[in-house]
Number of protein chains: 2
Amino acid sequence: MGKIDIPKKAIYRLSIYHRCLQKLHDNNVETVSSTTLARAAGVKPAQLRKDLAYFGQFGTRGLGYPVEILSNIIRETLGREHLQPVILVGAGNLGSALLRYQGFGREGFEVVAAFDSMPEAAIARGVMIPVISIDRLEEFIEERAIKLAILCVPVEAAQSIANRLVNAGVQGILNFSPIVLEVTEEVTVNNVDLALELEHLGYFIR
Amino acid sequence: MGKIDIPKKAIYRLSIYHRCLQKLHDNNVETVSSTTLARAAGVKPAQLRKDLAYFGQFGTRGLGYPVEILSNIIRETLGREHLQPVILVGAGNLGSALLRYQGFGREGFEVVAAFDSMPEAAIARGVMIPVISIDRLEEFIEERAIKLAILCVPVEAAQSIANRLVNAGVQGILNFSPIVLEVTEEVTVNNVDLALELEHLGYFIR
DNA sequence: GCATGTGAAGTGTTTCACAGCA
DNA sequence: TGCTGTGAAACACTTCACATGC
């Protein structure tokens, strides 16, 4: 993976820290202690310090961390210095809702295009992002050097579309299908399995 | 939590095993070995066996596990013997897409009602599930003894709505807001943070 | 004095490897 | 023989506790 030995979970927390730091920056806070930032992020202070230490030494003893500098370092670490283009595949029910979802843009991702086997139907739903025929998937990925894709196709199609994405050069897939995708080692898949999350809750309610 | 000492992650995998078992059952398979089931679920055989062993002994040495029986046991363990009623709060963009999402019903959950501060607007989007004024939230939860809620309100409102849910008796929250909810210990929160998942991928693409 | 950075201890989870049983 | 069930080893991650430095 290139980078050294950093717990996967620490990467997730980095995103959370980044959000908290942005909020602090908006409030003109310049320095923050591990205790304060940890509380905002919902973790223990020691964990926060250890997470940050994986990447270097950014704090001043007796004082804390510089909000803006730390925020920028995390942004860079997460590969988000530049606006990252993303495509969405499968503009059905969930897919077109995600197209309208503001959250991605707010965090610095631009959904540049959507693909569907029936692009006309999707356009009719009032989506502002271009919906393109799935036939032109590979062409687009290569032309625009797309690295990230959001996959919302029906479960039967998921694996075959995933294969096409990977072959065309996609390196990260955010997968909404309830299926374990098989991909080569260089590709990272993040699963968002809505029904599974709900089932998981079922276990904990008495 | 009542139950003994079972890794949280094992609970998640239980849901996946359950899905695989259902598929096997549909294909009239009666017995399955840990190797086969593990491959389908994307885990190692030893892990599958250990996960199942937390709940008892269901396999036959030299043969494997009985598909139907094991499937039922997992269903019961996950608290899904009966159809579980769920409410959704916040029928905005993402929320109303989730209302139309078929996946929850497929896995045995019934979204019985949605709540919004502007219920009329949501109804106009063609949702078939009743959308009720947020004012009647507590009333409904208590009347129907709702235990699970899907939370899709704007981030500013998330914590206060969560408080209302918990006070009314909700024990599990599937939270789509990018915020760390603070709840009492008896309540379980599952976070689905879409932007965070995308950010996480950003780290791994070169 | 105060808050970071970090070895070391602790906790939780996964994997191994093999005994035990159909 | 084949496959489960499980102690023990390995690994991964978290927390502690304190030396270090501003």
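Numbered from 1 within each chain, the chains take letters A, B, ... in sequence-line order.
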* Determine which pairs satisfy salt bridge (charged side-chain N to carboxylate O under 4.0 Å, His left out) with at least one residue from residues 25-44 of chain B, sequence neighbours left out, and list them in order. => none
* Tell me the ring pair (Phe, Tyr, Trp, His ring centres under 6.0 Å) pairs involving residues 73-101 of chain B, sequence neighbours left out? -> B:Tyr101-B:Phe104
* Selection residues 102-117 of chain A - residue pairs positive for salt bridge (charged side-chain N to carboxylate O under 4.0 Å, His left out), sequence neighbours left out -> A:Arg19-A:Glu107
Table please: side-chain donor-acceptor pairs of residues 45-52 of chain B below 3.5 Å, with sequence neighbours left out.
{"from": "B:Gln47", "atom 1": "OE1", "to": "B:Arg13", "atom 2": "NE", "distance (Å)": "3.1"}
{"from": "B:Gln47", "atom 1": "OE1", "to": "B:Arg13", "atom 2": "NH1", "distance (Å)": "3.2"}
{"from": "B:Arg49", "atom 1": "NH1", "to": "B:Ser34", "atom 2": "OG", "distance (Å)": "3.1"}
{"from": "B:Asp51", "atom 1": "OD1", "to": "B:Arg13", "atom 2": "NH2", "distance (Å)": "3.1"}
{"from": "B:Asp51", "atom 1": "OD2", "to": "B:Arg13", "atom 2": "NE", "distance (Å)": "2.7"}
{"from": "B:Asp51", "atom 1": "OD2", "to": "B:Arg13", "atom 2": "NH2", "distance (Å)": "3.3"}
{"from": "B:Asp51", "atom 1": "OD2", "to": "B:Tyr17", "atom 2": "OH", "distance (Å)": "2.7"}

* To do: Check ring-ring contact (aromatic ring centres under 6.0 Å, His included) between A:Phe55 and all other residues, then give those that pass, not counting sequence neighbours.
  => none
* Structure fact -> Its contact letters, B for base, S for sugar-phosphate only and - for none at protein heavy atoms under 4.0 Å, make nucleotides 8-16 of chain D read B----SSBB
* **Pairs where residues 168-181 of chain A contributes a residue and the test salt bridge (charged side-chain N to carboxylate O under 4.0 Å, His left out) is met, not counting sequence neighbours** => none
* Might you point out which heavy atoms bring B:Val180 and A:Ala41 nearest each other, and give the distance in Å? => CG2-O, 3.7 Å
* To do: Output all residues satisfying side chain to side chain donor-acceptor pair (under 3.5 Å) with B:Glu199, sequence neighbours left out; order by chain, then residue number.
  => A:Arg80
* Structure fact -> The correct set of residues in residues 62-71 of chain B placing a heavy atom under 4.0 Å from DNA chain D is B:Gly62, B:Leu63, B:Gly64, B:Tyr65
* **Nucleotide interval of DNA chain C bounded by contacts with chain A (heavy-atom cut-off, under 4.0 Å)** => C:dC2 to C:dA8
Would you mind writing out the side-chain donor-acceptor pairs for residues 135-147 of chain A within the sub-3.5 Å range, not counting sequence neighbours?
{"from": "A:Asp135", "atom 1": "OD2", "to": "A:Ser133", "atom 2": "OG", "distance (Å)": "3.3"}
{"from": "A:Glu138", "atom 1": "OE1", "to": "A:Arg164", "atom 2": "NH2", "distance (Å)": "3.0"}
{"from": "A:Glu138", "atom 1": "OE2", "to": "A:Arg164", "atom 2": "NE", "distance (Å)": "2.7"}

* Asked: When you match B:Thr60 and A:Thr35 each to their closest nucleotide on DNA chain C, which lands nearer the 5' end?
  -> A:Thr35
* Could you note down all residue pairs passing ring pair (Phe, Tyr, Trp, His ring centres under 6.0 Å) where residues 153-188 of chain B supplies at least one of them, sequence neighbours left out? => none
